[in-house]
Amino acid sequence: MRIAKSVLIKPGENELYAIPAVALSLFCFAYSIRFGQVAVLFYYALWLPLVAVDYRKVLGSYSRYIWLFAFAGFAFLSVFWSNVPSVSMRASIQYLTQVACALIAVRVLDVRTLTLGVVAGAAVVLLYSILFGYYEYDVLDGTYSFVGAFASKNQLGVYASLGIIFAFAAVFIYGERRFWMMASGMVGLMAAYCLLASQSATSVITTAAIVALLIGFRVVLMLSPQQRKLLVVGGGVAAVILVVAGVYLGAVDAILGIFGKDSTLTGRTYLWQQGIAAAAQNPAFGIGYQAYWVQGFAEPERLWKEFFIASRAGFHFHNTYIETAVELGLIGVLILAVTIIATLWGHLRRLIEDVHNDESYVLFGIVVLLLIRSFVEIDVLTPYNVGTFLLYFSAGKLVGARQRAAMAGLQRYQSARPVRS
């Protein structure tokens, strides 16, 4: 029996394959440390074989996506100056293949299918953590927090955040009803429970901010594109003023106090200082991709000891840009920052200028989430991470939209040209 290609690779018609593929990918991302190479290989098996179905449609014109490989390519080049070349080589190849799989997903998924897949994936990930998870004592702040089946409450928090945001998108942006409406409601409840139990201030605050942003844009999108521009600019200026005022008036400390945190963010400010000092030693190129947190080196060993990391693994500077500066220098920071900002700005423009664009509505919210979290986590800096997948998926969709717009413009131009007799 032959299976139609559309069942596997045609966006909008491949839900029977694509939704489980996204859901299982999330499970592989979440528990790749727990299940090891089996999870990683299973993730590759979900996406790479699609190239054999129809490589032209699945790969497309990669020349248009070349800028999306800039950061991964620079990470690979860091092998030549890395303190630990073998570690940088392996990690950079993993990151490159992660980007490649995300861009394959861009070609075979529409954003509605991605949304439903993340809802299903969050359900599986959170349910697994609820059934097999545990509470862990945090030595630094003296509290017990639910970490699920993860090694950190912040890792549980990001999946809970995605569960709530994509459940909101499924019901209120894509208007899903019946089964998916009930499923989204259940996922939202599980995610809310995990957020509260984990006591992850980062995840709670960012989730509330993104849901509020998406609700606010419901009002903005009722206006004409020209009116939207004025409102977004005015709203952006007001938001900046409120944030600055909140910092100086102590609102930030008050919010952190609700979660039992102080202005040091449970030692993160000290970590940032240490990271900045480490980055200053190799400011241009860094010491190599993932070549800092390596056992046997004096500085990481000292920090692991100071922060009671008995496993001597799975630790970082809790800031994407500081971590990048240490590993890949200011050049790496610039490349990564341009990638994030270009993706954010591109979807914001589409959201404002198009009369109706649910795709950018969802992806803009996700990129804002990743941007906010980038100042306290490293969600987009490592392979086999849901943040990395979502960033490059969002960027790839933007490139695809520009390509379609250019083709549509060319067709209008050709149809408008006078026909010579």
Side-chain angles (χ1 to χ4, degrees), residues 1-29 32 39-73 75-76 92-121 166 339 342-343 346-347 350 358-360 362-363 366-367 380 383-408 410-411:
M1 182 181 69
R2 297 184 62 184
I3 300 175
K5 292 181 179 179
S6 60
V7 175
L8 296 174
I9 64 172
K10 189 170 183 180
E13 297 183 16
N14 61 349
E15 291 182 356
L16 289 177
Y17 177 80
I19 291 175
V22 173
L24 292 171
S25 294
L26 258 69
F27 189 85
C28 292
F29 296 148
S32 59
V40 172
L41 293 174
F42 188 73
Y43 165 67
Y44 285 139
L46 291 170
W47 301 106
L48 293 180
L50 296 179
V51 176
V53 177
D54 190 330
Y55 73 92
R56 288 189 177 89
K57 289 184 178 179
V58 172
L59 295 180
S61 176
Y62 260 60
S63 61
R64 297 180 180 274
Y65 296 91
I66 196 69
W67 66 279
L68 296 180
F69 287 96
F71 182 76
F76 181 79
S92 61
I93 291 175
Q94 291 172 338
Y95 198 88
L96 275 167
T97 55
Q98 169 84 347
V99 175
C101 287
L103 295 182
I104 289 173
V106 167
R107 302 286 297 182
V108 302
L109 297 178
D110 58 19
V111 177
R112 175 181 172 272
T113 304
L114 173 77
T115 299
L116 300 182
V118 174
V119 170
F166 277 100
T339 302
T343 304
H347 282 296
R350 291 187 68 206
D358 289 339
E359 178 176 285
S360 284
V362 175
L363 296 181
I366 295 304
V367 179
V380 301
Y384 314 132
N385 192 312
V386 66
T388 304
F389 181 86
L390 290 174
L391 173 63
Y392 286 99
F393 182 91
S394 301
K397 279 297 181 185
L398 184 62
V399 174
R402 290 173 178 170
Q403 183 178 2
R404 292 192 299 270
M407 293 179 62
L410 179 61
Q411 290 175 353

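All of these numbers come straight from a predicted model, not from anything done at the bench.
Listed here is the closest heavy atom pair of Pro11 and Arg107: CG-O, 3.5 Å. Residues Ser394 and Leu363 approach most closely at OG-CD2, 3.6 Å, considering heavy atoms. Here the closest non-hydrogen pair linking Pro49 and Tyr44 is CD-O, 3.4 Å. Of all non-hydrogen atoms in Ala342 and Leu398, the two that sit nearest each other are O-CD2, 3.6 Å. The shortest heavy-atom contact between Gly396 and Leu103 is CA-CD2, 4.0 Å. In terms of heavy-atom proximity, Leu46 sits nearest to Ser25 at CD1-OG, 3.6 Å.
For the atom pair CD of Gln94 and OG1 of Thr388, the computed distance is 11.5 Å after rounding to the nearest 0.5 Å. With rounding to the nearest 0.5 Å, the separation of CZ in Arg112 from CD in Glu15 is 4.5 Å. Atoms CZ and CG, on Phe27 and Leu24 in that order, are 8.5 Å from each other to the nearest 0.5 Å. Residue Leu41 holds its CG atom at 11.5 Å from OG of Ser32, rounded to the nearest 0.5 Å.
Side-chain contact between Leu48 and Cys101: present, with at least one pair of heavy atoms (C-beta onward) separated by less than 4.5 Å. Side-chain atoms of Val99 and Phe71, non-hydrogen and from C-beta on, never get closer than 4.5 Å to each other. The side-chain heavy atoms of Val380 and Asn385, taken from C-beta on, include no pair separated by under 4.5 Å. When side chains are defined from C-beta on, Phe393 does not count as touching Ile366, because their heavy atoms never get closer than 4.5 Å. Residues Thr343 and Tyr392 form no side-chain contact, since every pair of their non-hydrogen atoms from C-beta on lies 4.5 Å or further apart. In this structure, Leu8 and Leu50 have side chains that are in contact, with non-hydrogen atoms separated by less than 4.5 Å. For the pair Glu359 and Asp110, the minimum side-chain heavy-atom distance is 4.5 Å or more.
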| said: Between Trp67 and Val399, does the side chain to side chain contact (heavy atoms under 4.5 Å, CB included) criterion hold? Intermediate values first, please. | reply: CA-CA 10 Å; Trp67 66 279; Val399 174; 3.4 Å; yes
| said: What verdict does the side chain to side chain contact (heavy atoms under 4.5 Å, CB included) test give for Val118 and Leu114, after you've listed the backbone C-alpha separation in whole Å, the side-chain angles of each residue and the deciding distance to 0.1 Å? | reply: CA-CA 6 Å; Val118 174; Leu114 173 77; 4.1 Å; yes
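The side-chain contact (heavy atoms from CB on, under 4.5 Å) with Ile9 is formed by just one residue from the set Val58, Ile104, Leu109; it is Val58.
Around atom OH of Tyr17, more than 12 heavy atoms belonging to other residues, nucleotides or ligands sit under 6.0 Å away. Other residues, nucleotides and ligands contribute only 12 or fewer heavy atoms inside 6.0 Å of the CG atom of Leu16.
Under the 3.5 Å distance criterion, with hydrogens and angles disregarded, a donor-acceptor pair is assigned to the side chains of Gln98 and Tyr43.
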